[in-house]
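Have a look at the structure below before the remarks.
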Protein chains: 2
Amino acid sequence: MSLVLQQHIQKFAGIGESDINEIVSFFDKTELKKKQNLLTEGNICRHSYFVSKGLLRMFFVNDRGIEQTTQFALENWWMADYTSFQRQEPSEYYIQAVERTEVMAISYDKQEALLRQYPAMEKYFRVMHQRAHAAAQFRIKILYSLSREEMYHSFSSKYPGFVQRIPQYLLASFLGCTPEYLSEIRAKRKS
Amino acid sequence: MSLVLQQHIQKFAGIGESDINEIVSFFDKTELKKKQNLLTEGNICRHSYFVSKGLLRMFFVNDRGIEQTTQFALENWWMADYTSFQRQEPSEYYIQAVERTEVMAISYDKQEALLRQYPAMEKYFRVMHQRAHAAAQFRIKILYSLSREEMYHSFSSKYPGFVQRIPQYLLASFLGCTPEYLSEIRAKRKS
DNA sequence: CGGTCTCTTGACGGAGTTCAAAGCTAGTGG
DNA sequence: CCACTAGCTTTGAACTCCGTCAAGAGACCG
């Protein structure tokens, strides 16, 4: 599905038809089975991943041994631990496929080479990071302002299909509560 | 203090001496008194701000009327509501000077013009957003993993000078707790 | 020296956690 | 295609963190 990435790049950067094939050749297509890891704690996040099909999640394991999911990446979104990626230092995160997933991966070094060879790609990555930054600001606001119960209702009315697509315990892990409490929240409305 | 911005741009983008003065002329220097607002709720965030001196904070007012501070920007950091900025839609945030502050402001339109005229600036903004994105990922991890008490201790051991610099109630607003509870946390260690 | 703004202290309440156990579902091998 | 098991979801009781409210003590500024 390199076509998905190609179209995405063309949409956000002014790239000519002649260059686009060579640009896409900097990326490697990878297929992942459910629960397969792209990154594990303690390793350096050497790649940035574009999801062309499926669903990734990023999580860390807290001091009580609980997995905390900090973000999901659906089709057309990028995912990486950018702290680890930009400093090439060990990561504290896991990146894992929630379901069967296809990603286009680009290594740190290849991204550097790509940007040197095609400076027009700076714009593409600038826009991607600006959007991701805006999305992260929004997530932070949500974490400050909503109770877990409000988060659940807001999230499930905004992305009803998505809530069906993932198991309950992953949703709890993303909302930042226990599966037990999420179950209690859901029970309230059924009466 | 346009020199601070100039040096920052030169550090992160390969910009020649000849262009830098013209580039800096796209920005407007603004001085702010303590508690003066750069952005208020309901208005469009038309500028992106580079702090050359002083300290900004971004906050929103939650449904109970409480100010929730989501981020601070010290010298050499950028600040804007990028959701509002990139879509030119009304913001839900305030941006306010904590103390006497000097910023370099660039409007959305001027940034577009700057990037058209100096494509090398794409790299500068790409790097800034990537760093900000990484910082936001880190903040999200903190919000998931630490109790308010742990956040206080981690924050005040990491930035001891900064904690002195701001009033207690702003720190509480940033930690996401009440001034009363912060006071209780601080009292614990004194025995 | 008087008033407003900030910080502290304490009693009570509610949101959300922990632990334990039982019910349910779905994937797997035979 | 069924049976079994592992993993997911629900329920409930006791407990913790942190918010709310109220009131007092400093501290800063005119």
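In what follows, chains are A, B, ... by sequence order, proteins preceding strands, each numbered from 1. Bear in mind that the values here come from a model prediction, so they are computed numbers and not experimental data.
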#### Entry: Inter-end axis angle, the helix from dC1(C)-dG30(D) to dG30(C)-dC1(D), with every axis fitted to five base pairs (rounded, 10 degrees)
50°
### Within-4.5 Å side-chain heavy-atom neighbours: Tyr118(B) and Ile15(B)
no
### Message
Which residues in residues 92-101 of chain B have a heavy atom closer than 4.0 Å to any atom of DNA chain C?
### Response
none
### Query
Which residues pass the salt bridge (charged side-chain N to carboxylate O under 4.0 Å, His left out) test with Glu31(B), sequence neighbours left out?
Arg100(B)
### Task
Please list, by residue number, the residues of residues 160-173 of chain B whose heavy atoms come closer than 4.0 Å to an atom of DNA chain C; answer none if no residue qualifies.
Pro167(B), Gln168(B), Tyr169(B)
### Message
Using 0.5 Å steps for rounding, measure from the NE2 atom of His47(A) to the CG atom of Asp109(A).
### Response
9.0 Å
### Query
Tell me: CD of Glu184(B) to P of dA11(C), nearest whole Å?
11 Å
### Query
Looking at His8(A) versus Phe12(A), is the centre-to-centre ring distance below 6.0 Å?
yes
Every protein N/O lying under 3.5 Å from an N/O of nucleotides 24-30 of chain D:
none

### Query
Looking at residues at least two apart in the chain, or sitting in another chain, which of them share a side chain to side chain contact (heavy atoms under 4.5 Å, CB included) with Gln164(B)?
none
### Message
Taking 4.0 Å as the cut-off, does a side-chain nitrogen or oxygen of Thr178(B) come that near to OP1 or OP2 on dG19(D)?
### Response
yes
### Query
Which residues pass the ring-ring contact (aromatic ring centres under 6.0 Å, His included) test with Phe26(A), sequence neighbours left out?
none
### Message
Let me confirm one number: the OG-OH distance from Ser173(B) to Tyr144(A), rounded to the nearest 0.5 Å.
### Response
7.5 Å
### Query
If we only count heavy atoms from C-beta on, is the Ile106(B) to Tyr49(B) side-chain gap below 4.5 Å?
no
### Message
Can you measure Glu150(A) atom CD to dA15(C) atom C1' for me and round it to whole angstrom units?
### Response
11 Å
### Query
Do Arg57(A) and Thr69(A) meet the criterion of a side-chain donor-acceptor pair at a distance under 3.5 Å?
yes
### Message
I need the OH-C1' distance between Tyr152(B) and dC7(C), as an integer number of Å.
### Response
13 Å
### Query
Between Glu122(B) and Arg126(A), does at least one N-O distance fall below 4.0 Å, as a salt bridge requires?
yes
### Query
Over how many whole Å does the gap from Ile185(B) atom CD1 to dC17(D) atom C1' extend?
10 Å
### Query
How many Å lie between NZ on Lys188(A) and C1' on dT11(D), as a whole number?
14 Å
### Summary
Leu182(B) CG to dC17(D) P, in whole Å, measures 16 Å
### Query
If you check every side-chain atom of Arg148(B), which of dT11(D), dT17(C), dC18(D) has the closest atom?
dC18(D)
### Query
What is the distance from CG of Leu175(A) to P of dG16(C), rounded to the nearest Å?
11 Å
### Between CD1 on residue Ile44(A) and CG on residue Leu39(A), distance to nearest 0.5 Å
10.0 Å
### Query
Can you list the residues that meet the salt bridge (charged side-chain N to carboxylate O under 4.0 Å, His left out) rule with Lys141(B), with sequence neighbours excluded?
Glu92(A)
### Connected hydrophobic set around Phe59(B), excluding itself, where side chains approach under 4.5 Å
Val61(B), Tyr94(B)
### Task
Establish, from distance only, whether the side-chain atoms of Asn37(B) and Thr40(B) form a donor-acceptor pair under 3.5 Å.
no
### Message
Closest approach to the side chain of Lys35(B), judged atom by atom: which nucleotide of dT6(C), dT11(D), dG16(C) is it?
### Response
dT6(C)
### Query
salt bridge (charged side-chain N to carboxylate O under 4.0 Å, His left out) with Arg165(A): which residues, sequence neighbours excluded?
Glu99(A)
### Task
Report the distance from atom CD of Glu180(B) to atom P of dT9(C), rounded to the nearest whole Å.
12 Å
### Task
Would you please name every residue forming a side chain to side chain contact (heavy atoms under 4.5 Å, CB included) with Tyr108(B), sequence neighbours left out?
Phe85(B), Gln88(B), Glu112(B)
### Query
Looking at DNA chain C, which of residues 58-72 of chain B put a heavy atom within less than 4.0 Å of it?
none
